[in-house]
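Bear in mind the structure is a predicted one, so any value in this text is a computation, not a measurement.
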Amino acid sequence: MVIDAAQRQVTLNRVSDQLTGPADIQLTIQQLTTACFGTQSLARAYQHGLITGDVNAINRLDTSLVKERPALIDYF
């Protein structure tokens, strides 16, 4: 994973076609969505035991996510 903060871009490279090894982070789609929307950080979810995995991987992914809550504005 390459994180470019200046360009606000994260690049993921496939290391292998085989998905046989353990994952660096174990979390549900709901937990990932919560983190992506800025409701709860992955570091906080890890502290509360909601996700498991490598702390360094969790922190790298957490720092690449936007920390501001989204504005869902309705212009009807």
Heavy-atom side-chain contact between Ile58 and Ile51 under 4.5 Å: yes
Listed partners of Gln26 passing side-chain hydrogen bond (donor to acceptor under 3.5 Å, both in side chains), at least two apart: Thr52
Cluster overlap Ile25 with Leu50, hydrophobic side-chain contacts below 4.5 Å: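 No.
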Between Asp24 and Ala57, the two heavy atoms sitting closest are CB-CB, 3.8 Å
Just verifying a value: how many Å separate [X] [atom1] and [Y] [atom2], rounded to the nearest 0.5 Å?
X: Leu42; Y: Cys36; atom1: CG; atom2: SG; value: 7.5 Å
X: Thr34; Y: Ile29; atom1: OG1; atom2: CD1; value: 10.0 Å
X: Gln40; Y: Thr33; atom1: CD; atom2: OG1; value: 12.5 Å

Return each pair, listed once, that meets side-chain hydrogen bond (donor to acceptor under 3.5 Å, both in side chains) where at least one residue sits in residues 42-51; pairs must be two or more places apart or across chains.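 For residues 42-51: none.
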Polar side chain donor-acceptor pair, Gln31 to Thr28, under 3.5 angstrom: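 Indeed, the side chains of Gln31 and Thr28 share at least one donor-acceptor pair under 3.5 Å.
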